[in-house]
Protein chains: 2
Amino acid sequence: MFTSVYSRQVTSSREVRKGARPRGISDATVARLPAYHRALTSFLDRGVTTVSSEELATAAGVNSAKLRKDLSQLGSYGTRGVGYDVDYLVFQIARELGLSQDWPVVIVGIGNLGHALANYGGFASRGFRIAALVDASPGLAGEVVNGLEVQPLSALERIVSDGRVCIGVVATPAGSAQSVCDRLVAAGVTSVLNFAPVPLQVPEGVDVRKVDLASELQILAFHEQRKQTSHEPATGLAG
Amino acid sequence: MFTSVYSRQVTSSREVRKGARPRGISDATVARLPAYHRALTSFLDRGVTTVSSEELATAAGVNSAKLRKDLSQLGSYGTRGVGYDVDYLVFQIARELGLSQDWPVVIVGIGNLGHALANYGGFASRGFRIAALVDASPGLAGEVVNGLEVQPLSALERIVSDGRVCIGVVATPAGSAQSVCDRLVAAGVTSVLNFAPVPLQVPEGVDVRKVDLASELQILAFHEQRKQTSHEPATGLAG
DNA sequence: AAGTGTGAATTGATTCACAGCC
DNA sequence: GGCTGTGAATCAATTCACACTT
């Protein structure tokens with residue numbers, strides 16, 4: 001009976017399904033489509049024309065049953081006894097991922113990470129265009145990074161609405177992340193990639209994904225600690 | 001009967017459990033502990049001594065039922081009718097995460113991202129110490145980043161074994177990621193954080209976590225595309 | 001009265017295993 | 001004979017709802 005007042009952090013396609021067409025693709029599957037697309041283009045580059053679920057799964061780092069279940073959600077694009085046509089499948093996945101259009105992205109916070117993201121070639125090659133770089137510090141405004149002049153925070157609203165930007169990247173310190181996010185959303189951004197180590201509150205209809213570098217290391221450290229204590233000789237009694 | 005020849009990419013505590021003590025914490029829970037720890041230290045800084053599951057959950061961006069289930073896996077550290085003692089709980093989670101010891105980390109690949117990681121303050125403050133920076137390019141060797149001289153790839157084995165480094169960060173181009181990973185593992189690294197957009201094959205007992213920046217944007221773009229097509233006027237018949 | 005800890009119920013994801021097709 | 005597509009079975013994670021403690 002009691003549902004949370006706060007809008008969901010989780011990126012769920014389940015609730016977007018409202019009046020859309022019957023095609024419902026699970027979140028877990030969507031999250032793997034980029035890996036499949038990447039593996040397929042690699043096969044394409046090497047001139048491979050057909051792959052089995054086993055081959056593609058290995059290249060993408062999953063098992064073949066999962067791959068087939070995933071692909072079956074997009075449609076029946078394979079041929080029994082043969083496999084998948086690389087050309088055709090790469091096209092279908094690209095269409096599903098919206099790779100045909102190019103997505104303007106604004107990056108807010110041009111510190112170490114923002115700098116790296118601004119220079120990162122992997123975005124441009126996958127349909128993302130960096131529309132603008134924004135930073136609050138007056139010292140940075142005017143500096144040119146990867147051919148783009150860093151804009152002051154006051155320009156944010158104009159950049160988003162003039163450039164029809166719907167994806168924002170938050171690479172600010174934790175303290176300013178929420179207010180930057182609020183301004184992005186108010187200006188029209190509906191998808192946010194958050195690198196700040198705080199959960200962002202956003203209204204219904206806005207998607208947030210979080211990348212937390214320190215947490216990733218901490219998760220590894222947790223398992224590392226387990227390995228070390230379990231290798232410890234059983235003779236060492238704790239004092 | 002038939003299990004994959006390839007070792008698992010997935011970071012599962014399930015299989016590490018072998019001869020360890022009964023304390024089994026699910027992967028989903030482990031992945032959230034860093035967020036709880038961060039939220040708690042923030043309460044601590046503000047002088048808060050006690051929190052309810054509702055308050056802590058909100059600060060960490062989860063719901064309270066999930067938080068309580070997660071914490072109950074660590075032990076019964078709360079007081080019914082009262083809540084959790086911030087000081088005590090932050091200590092327990094820190095211990096669980098291995099935050100008491102400091103973990104030497106080697107970063108391989110000092111491009112844009114490697115640079116940013118080398119300068120990133122978030123690691124040092126959470127128990128990670130950057131032991132060395134390594135890059136294959138002779139042009140970079142000798143350059144000083146954040147007080148550390150970039151070492152040639154040939155120094156990798158010595159760095160890992162001399163420094164007892166067990167966590168490696170792969171920030172190389174896709175093409176060299178697997179070979180760098182192989183060398184890290186051969187030298188003694190048992191946890192790898194992979195920023196290269198390829199799945200890494202590692203032997204049993206080695207954990208890999210992957211951060212794929214372009215994929216994160218693609219996942220957002222997928223949902224974005226859904227929003228846009230569902231807002232489209234129904235009157236526009238396709239030709 | 002307030003709020004934790006936890007069984008039970010539910011929902012979601014993965015894996016199995018095989019019928020059906022090429 | 002080989003391989004996809006998919007129901008059925010399994011496994012894991014989340015949510016519910018309330019007994020129990022302070």
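- When the C1' atom of dT10(D) is taken as reference, atom CG of Asn63(A) falls 14 Å away, rounded to whole Å.
- Looking only at distances, a side-chain donor or acceptor of Trp103(A) sits under 3.5 Å from a matching main-chain atom of Gly98(A).
- Under a 3.5 Å cut-off, the side chain of Gln73(A) and the backbone N or O of Ser26(A) do form a donor-acceptor pair.
- Look at CD1 on Ile25(B): it is 16 Å from P on dA12(D), rounded to the nearest Å.
- The nearest whole Å value for the distance from the CZ atom in Arg32(B) to the C1' atom in dA12(D) is 12 Å.
- Residue pairs meeting the salt bridge (charged side-chain N to carboxylate O under 4.0 Å, His left out) criterion with at least one member in residues 182-195 of chain B, sequence neighbours excluded, are Glu157(B)-Arg183(B).
- Lys66(A) has its NZ atom 17 Å from the P atom of dT4(D), to the nearest Å.
- Lys69(A) contributes a side-chain N or O that forms a donor-acceptor pair with the base of dT15(C) under 3.5 Å.
- Looking only at distances, a side-chain donor or acceptor of Gln178(B) sits under 3.5 Å from a matching main-chain atom of Gln201(B).
- Arg129(A) is linked by a salt bridge (charged side-chain N to carboxylate O under 4.0 Å, His left out) to Asp102(A), counting only residues two or more places apart in sequence or in another chain.
- Rounded to a whole Å, the CD atom of Glu54(B) is 12 Å from the C1' atom of dT4(C).
- Interatomic distance, CG of Leu213(A) versus CZ of Arg126(B), reported as 11.5 Å (0.5 Å rounding).
- With a 3.5 Å limit on both pairing distances and Watson-Crick or G-U wobble geometry required, the stems of 3 or more pairs in DNA chain C span C:1-22 with D:1-22.
- With rounding to whole Å, Arg68(B) atom CZ is found 18 Å from dA8(C) atom P.
- What separates OH of Tyr77(B) from C1' of dG5(C) is a distance of 14 Å, to the nearest Å.
- One finds a side-chain N or O of Ser53(A) lying less than 4.0 angstrom from the OP1 or OP2 phosphate oxygen of dT4(D).
- Rounding to whole angstrom units, CG of residue Leu74(A) and C1' of dT4(D) are separated by 14 Å.
- The shortest side-chain heavy-atom distance between Gln228(B) and Gln101(A) falls under the 4.5 Å cut-off.
- Side-chain proximity of Ser72(A) to dC16(D), dG5(D), dT4(C): nearest is dG5(D).
- Among residues at least two apart or in separate chains, salt bridge (charged side-chain N to carboxylate O under 4.0 Å, His left out) pairs with a member in residues 68-81 of chain B are Arg32(B)-Asp70(B).
- Put simply, Ser52(B) has no side-chain N or O that comes within less than 4.0 Å of OP1 or OP2 on dG3(C).
- The salt bridge (charged side-chain N to carboxylate O under 4.0 Å, His left out) analysis of residues 34-49 of chain B, with sequence neighbours excluded, yields the pairs Asp212(A)-Arg38(B).
- Contacts between residues 78-89 of chain B and DNA chain C, defined by a heavy-atom separation below 4.0 Å, involve Gly78(B), Thr79(B), Arg80(B), Gly81(B), Val82(B), Gly83(B), Tyr84(B), listed by number.
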